[in-house]
2 protein chains.
Amino acid sequence: MEKIPSEIMAQVAGYFQVLSEPTRLHILNLLQEGERSVGEIAQRCGYTAANISRHLSLMTKHGLLERRRQGTTVYYRIADPSVYALCELVCGNLARRLLQAAQVPQAWRQDAPSMEHPGEP
Amino acid sequence: MEKIPSEIMAQVAGYFQVLSEPTRLHILNLLQEGERSVGEIAQRCGYTAANISRHLSLMTKHGLLERRRQGTTVYYRIADPSVYALCELVCGNLARRLLQAAQVPQAWRQDAPSMEHPGEP
DNA sequence: ACACTAGTTGACTATTTAGTCAAACGATTA
DNA sequence: TAATCGTTTGACTAAATAGTCAACTAGTGT
């Protein structure tokens, strides 16, 4: 198997980390509607503009968003639509997992009292 | 556009967070070879077994890995191969981004002669 | 110049988390 | 039973980070 340099590993981890924050996912979700201003995003997310501005700037730095200034207002938009493919993959995984957890015997469940797999070879 | 409940948002963010750590990506990468014991993973990652055990247990809790005990040894394996699809999507994004930004620094180009990793111990 | 509006950034706090060592645990073997 | 090996977990430290407020920057209009 190929050895992956740790610098690359860190880059990939960094990209995932951008997506590992509910507020940022919320922003991405409402930017699906199209370009939006910092103020509107802040208002709809229920956080200060300062906070949202940091999130937007982080995502822009990582290439997920693009920035456009018009007068005193700054608009952000999706630069990398493939993010949504990532999100859908994850949602698929979670959905499968939830369905599976709903059907599996309780003793196998993660949060059940500790017990080794009973029928394992 | 549809409003996504914040609980779901947190779940998705949590899944991405599992993948946002270089050590965990390293583990996933070497588990592509197949099932491995905690001790071997720890040795090859260069961390203590305690540390690796925490990472493994986190990934198992999130459904990425599965655990099997044989005697005193515990083996972990990939439970959700679709993780690799996620990683490849991200790698694709990064590659595109690097090429695009690489008008200037020729040393970063993929076809350029190999470059030292300055931050490596 | 001045005031007004929208966004960004410095400084700080509270929370989370990767990593370590040491102790506990669980399975095997003497 | 005791000894031992591999793994897990409790307690702790150091570093990262989401969020806030306040100060600052940058356009627009009077």
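Here is how names work: the chains are called A, B, and so on, in the same order as the sequence lines, proteins then strands, and each is numbered from 1.
Rounded to whole Å, atom P of dG19(C) lies 12 Å from atom NE2 of H26(B). Atom pair I27(B):CD1 and dG19(C):C1' shows a separation of 13 Å (rounding to whole Å applied). Distance CG (L19(B)) to P (dA18(C)): 12 Å, rounded to an integer number of Å. Rounded to whole Å, atom P of dC21(C) lies 14 Å from atom CD1 of I52(B). Between the C1' atom of dG6(D) and the CD atom of E35(B) lies a distance of 15 Å, rounded to the nearest Å. With rounding to whole Å, L56(B) atom CG is found 13 Å from dG6(D) atom C1'. A straight line from CD of Q43(A) to P of dG7(C) spans 11 Å, rounded to a whole angstrom.
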Pull out every protein N or O sitting under 3.5 Å from an N or O of nucleotides 26-30 of chain D, one pair per line with the distance.
none

With 3.5 Å as the limit, what N/O pairs link the protein to nucleotides 10-14 of chain D?
{"from": "dG10(D)", "atom 1": "N7", "to": "R54(B)", "atom 2": "NH2", "distance (Å)": "3.2"}
{"from": "dG10(D)", "atom 1": "O6", "to": "R54(B)", "atom 2": "NH2", "distance (Å)": "2.4"}
{"from": "dA11(D)", "atom 1": "N6", "to": "R54(B)", "atom 2": "NH2", "distance (Å)": "3.0"}

Mind listing the N/O atom pairs, protein and nucleotides 15-18 of chain D, below 3.5 Å?
{"from": "dT17(D)", "atom 1": "OP1", "to": "Q17(A)", "atom 2": "NE2", "distance (Å)": "2.9"}
{"from": "dA18(D)", "atom 1": "OP1", "to": "R24(A)", "atom 2": "NH2", "distance (Å)": "3.2"}

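The shortest non-hydrogen separation linking Y76(A) to L31(A) is O-CD2, 3.5 Å. Across S37(B) and Y75(B), no two heavy atoms sit closer than the pair N-CD2, 3.6 Å.
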*Begin with the C-alpha distance, continue with both residues' side-chain angles, and end with the deciding distance and a verdict on side chain to side chain contact (heavy atoms under 4.5 Å, CB included) for I78(B) and Q32(B).*
CA-CA 7 Å; I78(B) 300 290; Q32(B) 275 189 296; 5.7 Å; no

*Worked verdict on L94(A) versus V90(A) for side chain to side chain contact (heavy atoms under 4.5 Å, CB included)*: CA-CA 6 Å; L94(A) 290 176; V90(A) 168; 4.0 Å; yes

*asked:* Apply side chain to side chain contact (heavy atoms under 4.5 Å, CB included) to residues C45(A) and L30(A) and explain how you reach the verdict.
replied: CA-CA 9 Å; C45(A) 285; L30(A) 62 81; 4.2 Å; yes

*Would you check, one step at a time, whether the test side chain to side chain contact (heavy atoms under 4.5 Å, CB included) holds for Y15(A) with C91(B)?*
CA-CA 9 Å; Y15(A) 196 98; C91(B) 287; over 6 Å; no

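Backbone-only engagement by S37(A) is indicated by non-hydrogen atom pairs under 4.0 Å involving sugar-phosphate atoms exclusively. If you check every strand for non-hydrogen atoms under 4.0 Å, Y75(A) touches nothing.
Closest to the side chain of V74(A), from the set dC21(C), dG7(C), dC21(D), is dG7(C).
Taking only side-chain nitrogens and oxygens, Y76(A) comes nearer than 4.0 Å to OP1 or OP2 of dT8(C). Between dT20(C) and T48(B), a contact under 4.0 Å exists linking OP1 or OP2 to a side-chain N or O.
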May I have the list of side-chain donor-acceptor pairs in residues 58-65 of chain A shorter than 3.5 Å, sequence neighbours left out?
{"from": "T60(A)", "atom 1": "OG1", "to": "L56(A)", "atom 2": "O", "distance (Å)": "2.7"}
{"from": "H62(A)", "atom 1": "ND1", "to": "L58(A)", "atom 2": "O", "distance (Å)": "3.2"}

If you look only at distance, which donor and acceptor atoms sit under 3.5 Å apart when one is on a side chain in residues 5-14 of chain B and the other is two or more places apart or in another chain?
none

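Cluster annotation: V18(A) and L89(B) are assigned to the same hydrophobic cluster (Ile/Leu/Val/Met/Phe/Trp/Tyr, side-chain heavy-atom contacts under 4.5 Å, transitive).
Once rounded to the nearest 0.5 Å, the distance linking NE2 of H55(B) with CG of L25(B) reads 10.5 Å.
Legend: residues meeting salt bridge (charged side-chain N to carboxylate O under 4.0 Å, His left out) with R44(A), ordered by chain and number and at least two apart, are E33(A), E40(A).
Between the side chain of T48(A) and the main chain of N51(A), a donor-acceptor pair closer than 3.5 Å is present.
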